[in-house]
Protein chains: 2
Amino acid sequence: MTNSDESAIRLGLLLPFQIAQLHSALNAQAKVIISAYGDLNLAQWRIVRVVALGIENTTTPVRKATGIDKSQFSKMLGALEQKGYVVLHPYENDKRQHVIELTDKARKAHERLGPVLDERQRHLVATLTEDELAVIYKSIKVLANAAQKTDFDIPAPEQEEE
Amino acid sequence: MTNSDESAIRLGLLLPFQIAQLHSALNAQAKVIISAYGDLNLAQWRIVRVVALGIENTTTPVRKATGIDKSQFSKMLGALEQKGYVVLHPYENDKRQHVIELTDKARKAHERLGPVLDERQRHLVATLTEDELAVIYKSIKVLANAAQKTDFDIPAPEQEEE
DNA sequence: ACTTGATTGTTGACTTTTCCACCTTTTTGC
DNA sequence: GCAAAAAGGTGGAAAAGTCAACAATCAAGT
């Protein structure tokens, strides 16, 4: 961080890197908080939260809302069931899916943890203004979109197409 | 994304989540680009880059500049050495550390990949204004800092100290 | 109704990442 | 100087994530 000749370029270069760092820090923070409350990991907690908030309660929508890979989602859901956090019922409208029902255990966990995470969120955004937050949300969208492109002009040493 | 009653809260709640998603997208993008050029992964590339740019060349500073966990750093460095990208020399000032020297192979890889990643960066920030970028950088710093706090008021159910 | 193609979820192998306990070197306090 | 403490590095184990194949289900067109 000492020598900074081409600061503009360097800053540009560091954007994904800084986001990675930020993500890592946020992740670690969430992990500490969540694991202090029980035996759920991040992914499992997200599933519980989405259902507890009444956003979704069937597998595919929950999976998409949480952004978890379907393979891992299946495993996490299995773990949640085994630990007694959820009960899975058949879903009549689509028999491939399941309806996820939270148990008391899950609801209690959510009631305890929810407020703590809410406070964490408040703490996170506390020093940002609404305008800044708006910029951030917009930028995240834009960047996520720009991150889709993978075919930059590649001199292609020995690369073949798929 | 459909039902959005308490949008403000929900948005606040989703910040770490959205950052996680963005990070995931950026990561995937970088992975595709980098792996199209050779056998380096992200972490390894970052090490090479930091050294190639002349920012640092001893282990601990490089590790901190790249933000890689020390355990993984050790393994990545070992891999780099084995693949012939770096040569490790003893560091006289502190014999726990090493001096990292790049080989021609690493320098060539950096010369080829650098420009492509530069273009990627330009592509990423292309749709953002300078003001927005400034807000982003500032916010990342602020958020990363806020992410350090892990001791939120925890009612501590049946948690014991270790 | 039947068939084809697309979704969804599950599973198991595999890779990658993260965590942790240990060892060496360096630094600090006496 | 020497012992204790701190920091760096290493390697193994565990967790998380990825990938590909498969079975069940649904949607659509014939």
Side-chain angles (χ1 to χ4, degrees), chain A residues 17 20-21 23-36 38-47 56-83 86-100 150 162, chain B residues 17 20-21 23-32 34-35 39-47 56-83 86 88-100 150 162:
Chain A
F17 171 72
Q21 302 276 68
H23 169 250
S24 162
L26 287 173
N27 226 31
Q29 185 187 41
K31 196 169 190 176
V32 168
I33 297 173
I34 291 174
S35 64
D39 51 358
L40 293 182
N41 62 26
L42 232 75
Q44 289 161 3
W45 166 253
R46 277 191 187 143
I47 295 173
E56 301 288 357
N57 74 332
T58 51
T59 43
T60 298
V62 170
R63 178 165 64 75
K64 297 203 167 154
T66 52
I68 303 173
D69 170 81
K70 73 172 182 176
S71 170
Q72 220 198 340
F73 185 83
S74 174
K75 289 165 189 167
M76 291 300 115
L77 204 57
L80 280 176
E81 188 181 25
Q82 196 170 11
K83 291 194 234 174
V86 303
V87 179
L88 299 180
H89 305 282
Y91 181 42
E92 286 310 316
N93 294 5
D94 184 342
K95 284 170 189 162
R96 292 169 301 183
Q97 299 186 45
H98 298 279
V99 174
I100 304 171
T150 54
E162 73 267 17
Chain B
F17 173 71
Q21 303 275 70
H23 168 250
S24 164
L26 287 172
N27 227 31
Q29 185 187 40
K31 199 172 184 178
V32 168
I34 291 174
S35 63
D39 51 357
L40 293 182
N41 64 25
L42 233 75
Q44 290 161 2
W45 166 253
R46 278 189 186 147
I47 295 172
E56 301 288 358
N57 74 331
T58 51
T59 43
T60 298
V62 170
R63 178 165 63 75
K64 297 202 168 157
T66 52
I68 302 172
D69 169 83
K70 71 174 182 175
S71 173
Q72 213 196 345
F73 185 82
S74 172
K75 289 164 192 165
M76 292 301 111
L77 207 57
L80 280 175
E81 188 180 26
Q82 196 171 9
K83 290 193 233 175
V86 303
L88 299 180
H89 304 282
Y91 181 43
E92 286 310 317
N93 294 4
D94 184 342
K95 284 173 189 160
R96 293 170 300 184
Q97 300 186 45
H98 299 278
V99 174
I100 304 171
T150 54
E162 73 268 16

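In what follows, every chain begins at residue 1, and chains take the letters A, B, ... in the order their sequences are listed.
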Between atom CZ of A:F17 and atom CG of B:L26, what is the distance when rounded to the nearest 0.5 Å?
-> 13.5 Å
Gap separating the CD atom of A:Q21 from the NE2 atom of B:H23, nearest 0.5 angstrom =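 It is 9.0 Å, given to the nearest 0.5 Å.
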Ranking A:D94 and A:K75 by the position along DNA chain D of their nearest nucleotide, the one closer to 5' is A:K75
Of A:N93 and B:T60, the one whose nearest nucleotide on DNA chain D sits closer to the 5' end is B:T60
So does A:R96 reach the base of C:dT8 with its side chain, donor to acceptor, closer than 3.5 Å?
-> no
What integer distance in Å separates [X]:[atom1] from [N]:[atom2]?
X: B:F73; N: D:dT10; atom1: CZ; atom2: C1'; answer: 13 Å
X: A:D69; N: C:dT8; atom1: CG; atom2: C1'; answer: 13 Å
X: B:M76; N: C:dT15; atom1: CE; atom2: C1'; answer: 11 Å
X: B:I47; N: D:dG9; atom1: CD1; atom2: P; answer: 11 Å
X: B:E56; N: D:dG8; atom1: CD; atom2: P; answer: 13 Å
X: B:L42; N: C:dT18; atom1: CG; atom2: P; answer: 12 Å
X: B:L80; N: D:dT10; atom1: CG; atom2: P; answer: 13 Å
X: A:K70; N: C:dA6; atom1: NZ; atom2: P; answer: 14 Å

Among D:dC26, C:dG9, D:dG8, which is the nearest nucleotide to the side chain of B:Q97?
->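 Nearest to the side chain of B:Q97 among the choices is D:dG8.
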With respect to the side chain of B:S71, which nucleotide from C:dT26, D:dG8, C:dC20 is positioned closest?
-> C:dC20
Do B:L42 and B:R46 have side chains that get closer than 4.5 Å, going by heavy atoms?
->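 Yes. Closest side-chain heavy atoms under 4.5 Å.
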Any [X] side-chain nitrogen or oxygen under 4.0 Å from OP1 or OP2 of [N]:
X: A:H98; N: C:dT10; value: yes
X: A:T59; N: C:dT8; value: no
X: A:N41; N: D:dA15; value: no
X: A:S74; N: C:dT10; value: yes

Of B:Y91 and B:K31, whose closest DNA chain C nucleotide lies nearer the 5' terminus?
-> B:K31
Looking at every strand, decide which applies to B:Q72 at a 4.0 Å heavy-atom threshold: base, sugar-phosphate, or nothing.
->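 Here B:Q72 touches the bases of the nucleic acid.
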Side chain A:T59, main chain A:Q97, donor-acceptor under 3.5 Å |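 Flag not set: sc A:T59 to bb A:Q97 has no pair under 3.5 Å.
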Short question: side chain of A:Q44, backbone of A:N41 - any donor-acceptor pair under 3.5 Å?
-> yes
